[in-house]
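Data first, discussion second: the structure below is written as structure tokens.
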Amino acid sequence: MKTYLVGGAVRDFLLGRKVTDRDWVVVGASTENMIEAGFQQVGSDFPVFLHPNTKEEYALARTERKSGKGYTGFECTASPEVTLEQDLLRRDLTINAMASDENQQIIDPYGGQDDLAARKLRHVSAAFVEDPLRVLRVARFAARYHQYGFTVAEETMALMKNIVSDGELEQLTAERVWKETSRALLEQNPEVYFEILRECGALAVWLPELDKLWGIPNPAQWHPEIDTGVHTMMVLQQASKLSDALTIRFAALVHDLGKGLTDPELWPSHRGHEQLGLAAIDQVSDRLKVPNDCRQLALLMSEFHSHVHRAYELKPATVLKVLNKCDAWRKPDRFKQLLITCKADARGRTGFEDIEYQQADYMLETYHAAQSVKAKDALQTAEGRPKLTGPEIKKRIDELRIKAIAAVKNEKTLNTG
């Protein structure tokens, strides 16, 4: 009975990255041996155990045989006879198929260290095609390790394309697709995930609304990069620099889906794409079972990003309508996230990457000014005049808020004039 540290912990140790999770494989043991040693069994499909003290996961060495469609169609065999090399052979990438023994000696039967040095994401064996989830995993690893210069090996990309063309990707559940996608969105270079999926054809399967944006032009005056798909990836990259929030990054990803629905005869203009995008965002959110907080910010971003971009041109009454529709009074943090996403959108253009984007500050200032108006302010009336009640109070509050917003606008005009 021997225990080895395996997978991501070994990979990240060799890369000099902080190791956060440690997984172990046990060779030469049975389920009974593990339970007798005080481990708690948690795996149902195959034997996985929690260490009695550290609670880290220990799995018996196992082999897998494809027995059906999708990523769940496997028969696993775990027994004391399964070797470490056999266990590592079933893994997806060579950089994930390394182990370390108690003396920190690296066991690397499939060239993981060579691929680390070459900065390649390469499959371990032809069995790679048996699990369609690996298409998404490779894309996610490409996003995570892009900062180190990693790229997908040509032969691995070819297998990913085969998985897509064979229709295996449709066998994945929405929950698993969203899990991989949400994790990828939180990486340092989330745009790489979607670029890799597009290259192998997977993006058209699960996110066709996003996939169709490539090749759709924007006005060169405002978008020197022109291509809407390219712009979207630039916005996502800017969002990752501005925030770690999944809600913001998802909203950045889908904010321009409406441009995929505008009449090609109107290109490069996309008048009305803000409203057109709402149904597309709902479709994506339904398909992937996207959390509601992500969906709601994305819908607000689609509908109001052009308003925020033109903030200085808006009438005070229009600014108030935006604040009301965003429910900024009850959800100020979400409104602030909207402004951050708008900033990412403004910066996600060639040559505009470092602009200040003062519109966000202006909108926040108008919010604070309007928010300072209280109900008691509306109830104050001149002596002898009847007190306001019901809808009249709300109308009066809106009037006072418009007045407060107008004061901010006038001050800005004086300072810049």
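In W329, the CH2 atom is crowded: over 12 heavy atoms of neighbouring residues, nucleotides or ligands sit closer than 6.0 Å. Within a 6.0 Å sphere centred on CZ of F352, heavy atoms belonging to other residues, nucleotides or ligands number more than 12. Heavy atoms from other residues, nucleotides or ligands lying under 6.0 Å from CD of E154 number 12 at most. More than 12 heavy atoms of other residues, nucleotides or ligands shown are found within 6.0 angstrom of CD on E155. Counting non-hydrogen atoms of neighbouring residues, nucleotides and ligands closer than 6.0 angstrom, the CG atom of N292 exceeds 12 such neighbours. Within 6.0 Å of CD on E175 lie more than 12 heavy atoms contributed by other residues, nucleotides or ligands.
What you find for V124 and A97 is that their closest heavy atoms are CG2-CB, 3.8 Å. Summarising the geometry of I95 relative to G112, their closest heavy-atom pair is CG2-O, 3.8 Å, with the distance given to 0.1 Å. Heavy atoms only, all atoms of each residue included: V164 and C200 are closest at CG2-O, 3.5 Å. Looking at every heavy atom in both residues, W206 comes nearest to L169 through NE1-O, 3.2 Å.
Proximity of the aromatic rings of Y362 and Y312 is defined here by a centroid distance below 6.0 angstrom, and this criterion is met.
Among R137, R134, R122, R11, the one residue that satisfies the salt bridge (Lys or Arg N to Asp or Glu O under 4.0 Å) test with D92 is R137.
Q113 is listed as a side-chain neighbour of I106, based on a closest heavy-atom distance under 4.5 Å. Residues Q41 and V48 form no side-chain contact, since every pair of their non-hydrogen atoms from C-beta on lies 4.5 Å or further apart. Side-chain contact between M233 and V230 is absent, with no heavy atoms from C-beta onward closer than 4.5 Å. Looking at heavy atoms from C-beta onward, K179 lies out of side-chain contact with K289 at the 4.5 angstrom threshold. Contact of the L242 side chain with the R347 side chain is registered, since non-hydrogen atoms from C-beta on lie closer than 4.5 Å.
Judged by distance alone, the side chains of T94 and D115 do bring a donor and an acceptor atom under 3.5 Å apart. H273 and T262 share no side-chain donor-acceptor pair at under 3.5 Å.
With salt bridges taken as basic N to acidic carboxylate O contacts below 4.0 Å, none links D345 and R349. Contact check on D282 versus R295 returns a salt bridge, with a Lys/Arg side-chain nitrogen under 4.0 Å from an Asp/Glu carboxylate oxygen. Electrostatic pairing of R287 and E209 counts as a salt bridge here, judged by a charged N lying under 4.0 Å from a carboxylate O. Ion pairing between a basic and an acidic side chain is recognised when a charged N comes within 4.0 Å of a carboxylate O; R17 and D12 show such pairing.
Note on ring orientation: taking the six-membered ring where Trp is involved, the planes of Y148 and Y145 are tilted (angle from 30° to 60°). Note on ring orientation: taking the six-membered ring where Trp is involved, the planes of H231 and H223 are perpendicular (angle over 60°, cut-offs 30° and 60°).
The line from CZ of R91 to CG of N96 is 8.0 Å long, rounded to the nearest 0.5 Å. Between the CE atom in M98 and the CG atom in L14 there is a gap of 5.0 Å [rounded to 0.5 Å]. Residue M160 holds its CE atom at 12.5 Å from OG of S165, rounded to the nearest 0.5 Å. Remark: C326 SG to E303 CD distance equals 8.0 Å, nearest 0.5 Å.
Between the D87 side chain and the R62 main chain, a donor and an acceptor come within less than 3.5 Å of each other. Remark: the backbone N or O of H309 is paired with a side-chain donor or acceptor of Q359 at under 3.5 angstrom. In this structure a side-chain-to-backbone donor-acceptor pair under 3.5 Å is missing from D166 to E168. Judged by distance alone, with hydrogens and angles left aside, the side-chain atoms of W178 form no donor-acceptor pair with the main-chain N or O of P291 at under 3.5 Å. Between the side chain of S302 and the main chain of L299, no donor-acceptor pair closer than 3.5 Å is present. With hydrogens and angles disregarded, no donor-acceptor distance shorter than 3.5 Å links the side chain of N189 to the backbone of H146. At least one donor-acceptor pair under 3.5 Å links the side chain of D101 to the backbone N or O of N103. Judged by distance alone, with hydrogens and angles left aside, the side-chain atoms of T156 form a donor-acceptor pair with the main-chain N or O of H123 at under 3.5 Å. At least one donor-acceptor pair under 3.5 Å links the side chain of T232 to the backbone N or O of T228. Between the side chain of Q147 and the backbone N or O of R144, at least one donor-acceptor pair lies under 3.5 Å.
For Y58, the ring pair (Phe, Tyr, Trp, His ring centres under 6.0 Å) criterion is met by W24, F39, H51, not counting sequence neighbours.
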Side-chain atoms of residues 246-254: list all donor-acceptor pairs with protein atoms under 3.5 Å, sequence neighbours left out, distances to 0.1 Å.
from	atom 1	to	atom 2	distance (Å)
T247	OG1	Q337	OE1	2.9
T247	OG1	Q337	NE2	3.3
R249	NE	S243	O	3.0
R249	NH1	L185	O	2.8
R249	NH1	L186	O	3.4
R249	NH1	E187	O	2.7
R249	NH2	S240	O	3.1
R249	NH2	S243	O	3.0
R249	NH2	D244	OD1	3.3

